[in-house]
Amino acid sequence: MEEKSRGELGSTAGGTGKWRYTARLSPAPSMAKAPQNAISPTREENFPEWYQQVVRASDLAENSEVRGCMVIKPWGYGLWELIQRQLDEWFKATGHKNAYFPLLIPVSYLEKEATHVEGFATECAVVTHHRLELKDGKMVPAGELTEPYVIRPTSETIIGAAFARWVQSYRDLPLLINQWANVMRWEMRPRLFLRTAEFLWQEGHTAHETAEEAMEETTRMHEVYERFLTDHLAVPVIAGEKTEAERFPGALNTFTVEAMVQDRKAIQAGTSHFLGQNFSKAAGIEFEGRESRREFAWTTSWGVSTRLIGTLLMAHSDDDGLVLPPRVAPTQVVILPVTPKPEHEGPVLEACERLAAELGQQRLHGDPVRVEIDRRDLGGGVKNWEWIKKGVPLRLEIGPRDLESGSVALARRDRGPKEKQFLPLAEVVSGIEATLQEIQDGLLARALAFREEHTVEIASMDEFRKFFTPAKADKPEIHGGFALVHWAGSAEDEEALQQELKVTVRCIPKDPALRGGPGTCVLTGKPAEGRVVFAKSY
RNA sequence: CGGGGUGUAGCGCAGGCUGGUAGCGCGCGUCGUUCGGGACGACGAGGUCGCAGGUUCGAAUCCUGUCACCCCGACCA
């Protein structure tokens, strides 16, 4: 509906819902009743554009002057800090320690693991000089390095080199290290949070005495990610293993958590790799074993990135902007003072302070509730919409009438923008934890229902093609979803399907209910052990 | 890297074919009127029209080059 998207341009509907710039749209009485939303275009109209508009409207981040790189603004960084804090706590709880390794990696390090180089070579930024000189008014690189460095696209090689020094004996194992860092991958098509040239992430790297222990570690961290996405980001995921075609370069097994976002595509939200002895052989991570034999360590690596923010956004947000699950909302409750007349200001603000203090005493999962009072001298409506667009879970308003009645107006981000309840103050305070948790659970339930609605079991290639072929080739609408199919195809077969339909095997699900029993491969007709998840993906 | 598109005030855009030194809406500032709501009025600030060359008396407008961004594709957390 074109009118709807135009609606934002004027955005000056009066209290009666009249549109001001009717000249352009010609008289259309029905327009007066068109629902207003803060983001244009809507998800339905143009999903990729909607995504960018939400990033902007919510003040999470902006494109920078550096190609493919973003400026993460305080609201976005606050979100990242909360993600970091929880994961970091769990990494520590599972025995890991943080460390930091160099940003620059000698090219020769990369060459050590053949598959690994192949995987990353095309997206490396290379540092070749160490000095600038002024020539004709321009600074030009001088002092060429004898060996170029790459800016880390990931740190397996340089951490491997350190591990080789640190590990002498089986007594030095397991070695459990995590690094919070930025990495750079020269992507061809950057998109804020989803695929930027520079991004923030966490990379765990561990070395173990036996394959079994390393595999246990891989699984353990895979489960940490699954739990984090589910319980904190309220994003349901399908946990499973990647097929050979989708594996991390150099890994023996790659495990993934795959989420479905609102355009029904899949997004890989976290990965955990069992690296076998590939990297320890390449880097020389050897130790003296219990039987006095030299052995190569078994290593793992695992990571999540700022892509989690993009995932979260696409999973929950609506046509009014971002919707944040309370557990990762930098501000969980915003208090908006309503001061119709200047003389209201004193008492109202005072009441807001008291309320903020009381709410700050309440806890959600052990953390004090994060409350903010928005004292800015701005129109109430404007202020309100700003917080809606930023996705704050709860908005509380206190005005003169509330002072008299001891009430508070409460509006939830998971309900309509105009819906609000007037509740007794004490009830709001004592019920805050339950309300926040209810929103958290509601978002998860809604996302799960959405995924289930768009997940189908498919038993024939006809159906399969139909499911993944948009009705209009020129303007592909939102369609498809997750297809559960029996699969026994090869990497070549996957490649062919990717060419034809732009779909890939997202994972071999570990959940027995999704995996199912033996069957017949939808493509080759060969016996298949179970089902896999096919989808288009980010 | 291939195909398409766009770069004009913070944001969204008009103007460009038919060259004469910039305009609209929102936002922003001040004042006033409003006020449980994305208000209204008055006045006002803000742009070397992505950048660099060229053609011309004169370029946002024509030509060449270049950069950036967006969409589609190949690649990827």
Side-chain angles (χ1 to χ4, degrees), chain A residues 5-18 20-21 23-24 36-38 40 46-49 51-53 56-57 62-68 119-123 153-154 183-203 225 246 248-249 254 256-258 267-273 301-311 320 336-342 344 348 378-389 395 397-402 407-409 411 417-418 420 422 473-476 495 498-499 502 504 537-538:
Chain A
S5 62
R6 287 285 167 78
E8 179 61 8
L9 295 176
S11 82
T12 44
T16 52
K18 275 181 302 203
R20 201 160 151 265
Y21 52 96
R24 180 163 191 171
Q36 265 179 285
N37 36 255
S40 148
N46 185 344
F47 196 85
E49 181 61 23
Y51 174 85
Q52 297 192 103
Q53 293 303 328
R56 195 158 61 100
E62 60 187 25
N63 266 308
S64 82
E65 43 286 277
V66 182
R67 191 201 121 84
F120 286 106
T122 56
E123 42 190 77
T154 178
V183 288
M184 179 156 268
R185 296 180 188 176
W186 212 260
E187 299 292 348
M188 293 160 191
R189 225 183 100 202
R191 270 246 250 151
L192 285 171
F193 289 116
L194 297 176
R195 196 188 302 105
T196 44
E198 181 189 12
F199 57 94
L200 305 182
W201 80 342
Q202 146 284 304
E203 46 180 326
Y225 292 152
E246 295 276 318
F248 176 75
T254 286
T256 177
V257 286
E258 298 282 329
I267 182 161
Q268 178 176 313
T271 48
S272 185
H273 314 291
S301 72
W302 29 274
V304 294
S305 70
T306 36
R307 180 180 244 202
L308 286 177
I309 295 176
T311 304
D320 286 325
L336 305 166
V338 180
T339 54
K341 301 213 167 62
H344 293 135
V348 166
L378 270 181
V382 176
K383 220 191 251 191
N384 203 16
W385 277 100
E386 253 183 47
W387 289 105
I388 292 172
K389 288 187 279 191
R395 307 186 302 281
E397 301 174 357
I398 297 193
R401 294 213 301 267
D402 298 306
S407 65
V408 159
K418 306 279 185 196
K420 60 184 173 186
F422 288 86
D474 50 327
K475 192 180 178 297
E495 171 68 22
Q498 179 169 8
Q499 290 303 321
K502 317 285 178 227
T504 47
S537 73
Y538 276 94

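Proteins get letters first, then strands, A, B, ... in listed order; numbering begins at 1 in each. Hydrogens, waters and symmetry mates are skipped; everything else that's a heavy atom, side chains included, is used.
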Trainee: Given the P atoms of C11(B) and G54(B), what is the spacing between them in whole Å?
Mentor: 31 Å
Trainee: In whole Å, what is the span from the NZ atom of Lys383(A) to the C1' atom of G27(B)?
Mentor: 17 Å
Trainee: Mind checking whether Phe248(A) and Thr271(A) have side chains closer than 4.5 Å, heavy atoms only?
Mentor: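 Sidechains of Thr271(A) and Phe248(A): no contact.
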Trainee: Taking pairing as Watson-Crick or G-U wobble with both contacts under 3.5 Å, can you name the mate of U18(B), or confirm there isn't one?
Mentor: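 Its partner: none found.
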Trainee: Could you identify the nucleotide paired to A59(B), looking across every strand shown and requiring Watson-Crick or G-U wobble geometry with both distances under 3.5 Å?
Mentor: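 Result: none.
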Trainee: Rounded to the Å, how far apart are Leu378(A) CG and C28(B) C1'?
Mentor: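 Rounded to the whole Å, the gap is 11 Å.
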Trainee: Can you check the distance between U56(B) and C69(B), where both ends of the measurement are the P atom (answer in whole Å)?
Mentor: 35 Å
Trainee: Using every non-hydrogen atom in the two residues, find where Val183(A) and Pro153(A) come nearest and quote the distance to one decimal.
Mentor: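 For Val183(A) and Pro153(A), the tightest heavy-atom pair comes out as CB-O, 3.8 Å.
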Trainee: Say we look at G27(B) and A39(B): how far apart would their C1' atoms be, to the nearest angstrom?
Mentor: 15 Å
Trainee: If we call it a pair only when both distances are under 3.5 Å in a Watson-Crick or G-U wobble match, what pairs with C51(B)?
Mentor: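 Checking every strand shown, C51(B) finds its partner in G65(B), with both distances under 3.5 Å.
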Trainee: Provide the Watson-Crick or G-U wobble partner of C24(B), both distances under 3.5 Å; none if there is no partner.
Mentor: G12(B)
Trainee: Calculate the interatomic distance between Lys389(A) atom NZ and G38(B) atom P; express it in whole Å.
Mentor: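 Computing the Lys389(A):NZ to G38(B):P distance gives 14 Å.
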Trainee: Taking any strand in view, what nucleotide pairs with G32(B) in a Watson-Crick or G-U wobble way, both distances under 3.5 Å?
Mentor: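 Result: C40(B).
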Trainee: When you compare U18(B) with C72(B), how far apart are their C1' atoms, in angstrom units rounded to a whole number?
Mentor: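 Those two atoms are separated by 35 Å.
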Trainee: Of the listed nucleotides (G36(B), G12(B), G38(B)), which one gets closest to any side-chain atom of Arg56(A)?
Mentor: G12(B)
Trainee: Who is the Watson-Crick or G-U wobble partner of G2(B), with both distances under 3.5 Å?
Mentor: C72(B)
Trainee: Could you pull out all donor-acceptor pairs under 3.5 Å where a side-chain atom in residues 190-203 of chain A meets a protein atom, sequence neighbours excluded?
Mentor:
residue: Arg195(A); atom: NH1; partner: Arg189(A); partner atom: O; Å: 2.9
residue: Thr196(A); atom: OG1; partner: Glu198(A); partner atom: O; Å: 2.8
residue: Glu198(A); atom: OE2; partner: Asn182(A); partner atom: ND2; Å: 2.9
residue: Trp201(A); atom: NE1; partner: Glu203(A); partner atom: OE2; Å: 3.4
residue: Gln202(A); atom: OE1; partner: Tyr225(A); partner atom: OH; Å: 3.0
residue: Gln202(A); atom: OE1; partner: Val304(A); partner atom: N; Å: 3.1
residue: Gln202(A); atom: NE2; partner: Asn178(A); partner atom: OD1; Å: 3.2
residue: Gln202(A); atom: NE2; partner: Tyr225(A); partner atom: OH; Å: 3.2
residue: Gln202(A); atom: NE2; partner: Trp302(A); partner atom: O; Å: 3.2
residue: Glu203(A); atom: OE1; partner: Ser155(A); partner atom: N; Å: 2.9
residue: Glu203(A); atom: OE1; partner: Ser155(A); partner atom: OG; Å: 3.4
residue: Glu203(A); atom: OE1; partner: His205(A); partner atom: NE2; Å: 2.7
residue: Glu203(A); atom: OE2; partner: Ser155(A); partner atom: OG; Å: 2.6
residue: Glu203(A); atom: OE2; partner: Gln179(A); partner atom: NE2; Å: 3.0

Trainee: Distance between the P atoms of A9(B) and G5(B), in whole angstroms?
Mentor: 22 Å
Trainee: Please figure out whether Val338(A) or Gln53(A) has its closest RNA chain B nucleotide nearer the 5' end.
Mentor: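 Nearest nucleotide further toward 5': that of Gln53(A).
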Trainee: Distance check, P atoms only: G41(B) and C26(B), in whole angstrom units.
Mentor: 9 Å
Trainee: Considering only atom C1', compute the distance from C51(B) to C76(B) and round it to an integer number of Å.
Mentor: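 Taking atom C1' in both C51(B) and C76(B), they lie 31 Å apart.
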Trainee: Given the P atoms of G7(B) and A14(B), what is the spacing between them in whole Å?
Mentor: 7 Å
Trainee: Can you give one letter per nucleotide of nucleotides 70-77 of chain B, 5' to 3': B if a protein heavy atom sits under 4.0 Å from the base, S if only from the sugar-phosphate, - if neither?
Mentor: SSBBBBBB
